[in-house]
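Everything on this sheet refers to the single structure shown next.
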2 protein chains.
Amino acid sequence: MFSKSCEYGLRAVIFIAQQSLLDTKVSLTTISEAIDSPQAFTAKILQQLTRNNIVSSIKGPHGGFYIEMEAMKTLNLSAVVKVLDGDDIYTGCGLGLKQCNEDKPCPLHFKFVDIREKLKYMLENTTLIMLANDMELDVFHLKT
Amino acid sequence: MFSKSCEYGLRAVIFIAQQSLLDTKVSLTTISEAIDSPQAFTAKILQQLTRNNIVSSIKGPHGGFYIEMEAMKTLNLSAVVKVLDGDDIYTGCGLGLKQCNEDKPCPLHFKFVDIREKLKYMLENTTLIMLANDMELDVFHLKT
DNA sequence: ATTATAAAGGACAATAATATCTTTTATTAA
DNA sequence: TTAATAAAAGATATTATTGTCCTTTATAAT
Ligand code: FES
Ligand code: FES
């Protein structure tokens, strides 16, 4: 479904959001251990996310990554996916036609678009703060 | 969503099914032109599909690929996807955890499984003959 | 000012996916 | 039985994704 980059990115963002709820900044090392992802690769992903204003970062001692409360309330999973995987998942044809077009549809178009829209709706309506709050319940996991 | 192999494979299977409805066997060249796919790569994909008894093939003059009427009625898109992409799409965690497990779920699990099941249902309930018949309507396309 | 910390950035490496090319095998028709 | 046709199989090439390593920049504390 999503690329590895996107999977790590989503897990990282959820972990950072959870910690930001407690006003804690987290370092790359802490993040990659918490979500069980390759550290250097995760660093690259976090760079993309900070450049695109999903997460914030501060260099130096006591620095690290965090997410502004305002951003947590506004941002949804869709924003993260768009940064890391583009919007192919929202606009691409299920059978790989160069463009998904209602007027020249592939034989799977109508059935496929139905599911694609449900996925889109789900990602757009799941905010980071919702997930951060869920994580406080101790029933959800970000590794293994 | 699907790999390139799977996209080409699905398009090829739908085209072959449509032609088999008319009792026509089709060659690799015909197929790759009809679905606008790289010929040699498509050959590899068709080999996998014949080995796995999705499509049938005959070598030599007047040979080519076809699908048995019985197979067309029985086989669904899910069978094709499983051969080419495995069943990761049915069993994999949306956030890339090593295994998707209801008892140790990722924060997206329940929302994700809902969509995953809908996709599974759609693929399992779309038979090749349904799509072959649809293609006769001249409203659906397999390229551009 | 110096040192330690931590993210940012650039260069490179390994692996997997995609794609091509060549040879072999099976089948048909002349 | 020979030549032509078409799929199967094997080897190789290209590209994208995933992953690592090293250097630079910013910040904080001593
Ligand atoms: S044209 Fe294929 S999904 Fe829309
Ligand atoms: S554990 Fe992540 S989708 Fe099931």
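On a predicted model such as this, the values are computed, not experimentally measured, just so you know. Chain A is the first sequence line, chain B the second, and so forth, proteins listed ahead of strands; every chain is numbered from 1.
- If you check dA11(D), dC21(D), dA8(D) against the side chain of S57(B), the one that comes closest is dA8(D).
- In this pair, F140(B) and F110(A) present their aromatic rings perpendicular. The plane angle is above 60°, beyond the 30 to 60° band.
- Taking the six-membered ring where the residue is Trp, F41(A) and Y8(A) present perpendicular rings, their angle passing 60° and hence far from 30°.
- At dT18(D), none of the side-chain N or O atoms of Y8(A) fall inside 4.0 Å of OP1 or OP2 (strictly under the cut-off).
- If you walk DNA chain C from 5' to 3' and mark each nucleotide with an atom closer than 4.0 Å to a heavy atom of chain B, the marks span dT18(C) to dA29(C).
- Here dA9(D) presents its P atom at 8 Å from NZ of K44(B), a figure rounded to the nearest Å.
- Counting any heavy atom pair closer than 4.0 Å across all strands shown, V26(A) reaches sugar-phosphate atoms only and no base atom.
- Nucleic acid contact class of L46(A) (heavy atoms, under 4.0 Å, all strands): none.
- With rounding to whole Å, L28(B) atom CG is found 14 Å from dA9(D) atom C1'.
- Counting any heavy atom pair closer than 4.0 Å across all strands shown, S5(A) reaches sugar-phosphate atoms only and no base atom.
- Through side-chain heavy atoms spaced under 4.5 Å, either directly or across other Ile, Leu, Val, Met, Phe, Trp or Tyr residues, I58(A) is tied to Y66(A).
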Please determine whether side-chain contact (heavy atoms from CB on, under 4.5 Å) holds for the pair I14(B) and L95(A), giving the CA-CA distance in whole Å, both sets of side-chain angles, and the decisive distance to 0.1 Å. CA-CA 10 Å; I14(B) 294 168; L95(A) 299 186; 3.9 Å; yes
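- Between dT20(D), dA28(D), dA7(D), one nucleotide has an atom nearer to the side chain of F65(B) than all others, and that is dA7(D).
- With 3.5 Å as the limit, one finds no donor-acceptor pair spanning the side chains of S32(B) and S37(B).
- Toward the 5′ end of DNA chain D lies the nearest nucleotide of T50(B), the other residue of the pair T50(B) and I58(A) mapping further downstream.
- For dA9(D), the OP1/OP2 oxygens have a side-chain nitrogen or oxygen of R51(B) closer than 4.0 Å.
- Place G60(B) and K4(A) on DNA chain D by their nearest nucleotides, and G60(B) ends up nearer the 5' end.
- The distance from atom NZ of K25(A) to atom P of dT27(D) is 13 Å, rounded to the nearest whole Å.
- Protein atom CG of L49(B) is 10 Å distant from nucleotide atom P of dA8(D), rounded to whole Å.
- Comment: D36(B) engages K98(A) in a salt bridge, judged by a side-chain N to carboxylate O separation of less than 4.0 angstrom.
- Checked by atom type, the side-chain pair S3(A)/D85(A) shows a donor-acceptor distance below 3.5 Å.
- A straight line from NZ of K59(A) to C1' of dT23(D) spans 12 Å, rounded to a whole angstrom.
- The phosphate of dT5(D) (OP1 or OP2) has no side-chain N or O of S27(B) nearer than 4.0 angstrom.
- Between H62(A) and Q47(A), the residue anchored nearer the 5' end of DNA chain C, judged by the nucleotide with its closest heavy atom, is H62(A).
- Between F2(A) atom CZ and dT18(D) atom P the separation is 13 Å, expressed in whole Å.
- To the nearest angstrom, P of dA8(D) lies 12 Å from CG of N52(B).
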Would I54(A) and L75(A) satisfy side-chain contact (heavy atoms from CB on, under 4.5 Å), going step by step from the backbone distance to the final call? CA-CA 8 Å; I54(A) 306 279; L75(A) 293 174; 4.0 Å; yes
